[in-house]
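Remarks on the structure that follows.
Remember, it's 1-based here, ligands and their atoms both numbered in the order they're listed.
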Amino acid sequence: MCGIVGYVGYREAYPIIMDGLKRLEYRGYDSAGIALQGEFGLFVEKAVGKIARLEEKTNGAELKHTEGIGHTRWATHGEPSSLNAHPHTDESGEIALVHNGIIENHTALREVLKNKGHVFRTETDTEALAHLIEEYYEGDLCEAVRLALTQVEGAYGIAVISSKNPGVIVAARHGSPLVIGHGENENFVASDVAAILAHTNRVVYLEDGEIANVTPSGYEITTIDKAAITPKVEEISWSLDQAEKGGYDHFMLKEIHEQPQTLLDAIRGRLNFDDGIPRLSGLNLQLEQLRNIDRIIICACGTSWHSGLIGEYLIEELARIPVEVEYASEFRYRLPVIPENTLFLAISQSGETADTLAALKEARNRGGMCLGIVNVVGSSIARATDGGVYTHSGPEIGVASTKAFTSQVMVLSLIGLLLARMRNMSIQEGLELTDQLSKLPELAKKTLQVEDQVKEIAKEYFHSDNFLYLGRGINFPVALEGALKLKEISYIHAEGYPAAEMKHGPIALIDEKMPVVVIALKDMIYEKVLNNIATVKARKGRVVAIATEGDDEIKNHVDHVIYIPETFRLFTPLLSIIPLQLLAYHIAALRGCEIDQPRNLAKSVTVE
Ligand code: G6P
């Protein structure tokens, strides 16, 4: 999720790299750095904050180098600081590396390297890779990178330079995007086309497991097993504005489509296929403490509050621990009862929401164990907790939260599984659920295929003034989130309701003009949901059902069916929310709304 830019050629690299980094800056990265290859070795500079801060630091330096790499960081391991910013260098300071992704086995690699005399200066996972490349270096940078990568588990898009191999950038990819920009007597490397589009629109996308030796005159691509690859040059016809959004019309749509990747990033290195006990070391809790939790209070706002509600269903059913979910804004002004052995869990994408932070402080004062599920590393909420789990969903630009939500639900599923395995769940069941979780990124990808169908449904209903979203059990908070998405970006009035509760009020609203979206998955209350649907149909409401693949029966009861793949019942929110996000998006697009920045809303609400 970080930004990478590299240049090797005949022009001055510094302005090209800085310009590329600035093109990515709007995503709100936390720090940046640059390494330039010169006559007297590497020039490296880094700064916290905006690219302008990095410019200030390099001000006055004679930077005529024609080769270099730059990076904008979205912290994952180690807080945003000048030291933790990329590029990272090896022991000798002769190799510089920028990295996007997560190196899962960095702790083990560090240990091995420390025993060989390497000294580490940062808290990052990336530094281990710089040292590892040095360890393998015998005169050929590309070969050293290749050998080092054979030892790496995790995801990476990297660019590496060395003062010992001038005129070469080595780039490699596994799980994080990387492109080579094709020029004349110059070439580029970037994580995003937007960073280099001002210079070339001819690019080669590296595939997973490929490594490229990039020089001013060309690039050689091989697989990590040394098989030669014939590069396929593609012409990009996007405008700069489109390129920033990865070719999508809006950030929100881009972020909806990123979910297979962000779900993968949320479980990366955390699933345990040996005993089904997820590895969540950031919780900083002893096993004994985890076992002794008697009660959990989840506090959050907005979409994060909805993920908390899903967490309630998940954790109570899996781990049999009572869970309460509170609006942070309410919690902070009550006199909450926090008995001993209560775990307080704050959920926040930004980590800066004022109400959630205040609720967390209140819980701390009353002696609760305080953990967080946060996206932004080093944010206020992350710092105010005793530990927690980062969601690793990368910068979210669209004000309406999508990928951050599913990552939160994924992390809550991991916490539920962990607590369950500490208490009542067998190893076999733990392993089955681990297997199911590992398949969800792929299932999310499959679910996204409903987009064309959703677009057609949107065309039919985008003039409606009201929408009702219904669900029961764990599908109820999904209904709430679906309704919230629609009202946030399309300004249509939408309400989420427990399907059976509808008869106590909202039923009065139903007529032939009222679209009702029902999450009607094949579970133990499916038949009852069919009854609720019948009640809507009897009043001429129009029903859009989100149903389980293979359920043909439901077609007889509703106007439209959108199918999602089957998964373990408690994990279905991760899939069922996707068509609802798409529906809100396409309705808002048809109504010509400002999707990424809806009126009156803010991405991060830092006031009460
Ligand atoms: C704002 C945003 C929502 C978000 C909520 C909580 O209202 O518009 O998308 O869900 O704040 O934000 P947090 O960063 O704490 O998750």
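Ligand 1 places these atoms under 4.0 Å from at least one heavy atom of Gln349: 13 (P), 14 (O), 15 (O), 16 (O). Ligand-side atoms of ligand 1 in range of Thr353: 6 (C), 12 (O), 13 (P), 14 (O), 15 (O), range being under 4.0 angstrom from any heavy atom. Each of the following atoms of ligand 1 lies closer than 4.0 Å to a heavy atom of Ser304: 10 (O), 13 (P), 16 (O). Ligand-side atoms of ligand 1 in range of Thr303: 10 (O), range being under 4.0 angstrom from any heavy atom. Near Ser348, meaning under 4.0 Å from any of its heavy atoms, are these atoms of ligand 1: 13 (P), 14 (O), 15 (O), 16 (O). The ligand atoms of ligand 1 that sit less than 4.0 angstrom from a heavy atom of Ala602 are 1 (C), 2 (C), 8 (O). Using a 4.0 Å cut-off to heavy atoms of Val605, the atoms of ligand 1 that qualify are 1 (C), 7 (O). Counting the atoms of ligand 1 from 1 in the order shown, those under 4.0 Å from a heavy atom of Ser401 are 9 (O).
Looking only at heavy atoms of the protein, atom 5 (C) of ligand 1 is closest to Cys301 O, 4.0 Å.
Taking CD1 from Ile489 and CG from Leu601, the interatomic distance works out to 10.5 Å, rounded to the nearest 0.5 Å. Taking CZ of Arg472 as the start and OH of Tyr497 as the end, the distance is 14.5 Å to the nearest 0.5 Å.
Tyr461 has its ring centre less than 6.0 Å from the ring centre of His560. Between Phe476 and Tyr469, a ring centre-to-centre spacing not shorter than 6.0 Å is recorded. Under the 6.0 Å cut-off for aromatic ring centres, Tyr585 and His250 qualify, their centroids lying closer than that. Centroid-to-centroid, the aromatic rings of Phe467 and Phe462 stay 6.0 Å apart or farther.
Contacts between Val399 and ligand 1 below 4.0 angstrom, taking non-hydrogen atoms only, involve backbone and side chain alike. Proximity of Lys603 to ligand 1, defined as any heavy-atom pair under 4.0 Å, is confined to the backbone N, CA, C and O atoms.
Gln349 and Ser304 form no side-chain donor-acceptor contact under 3.5 Å, judged by distance and modelled atom types alone. Looking only at atom types and distance, the side chain of Glu352 has a donor-acceptor partner in the side chain of Ser380 under 3.5 Å away.
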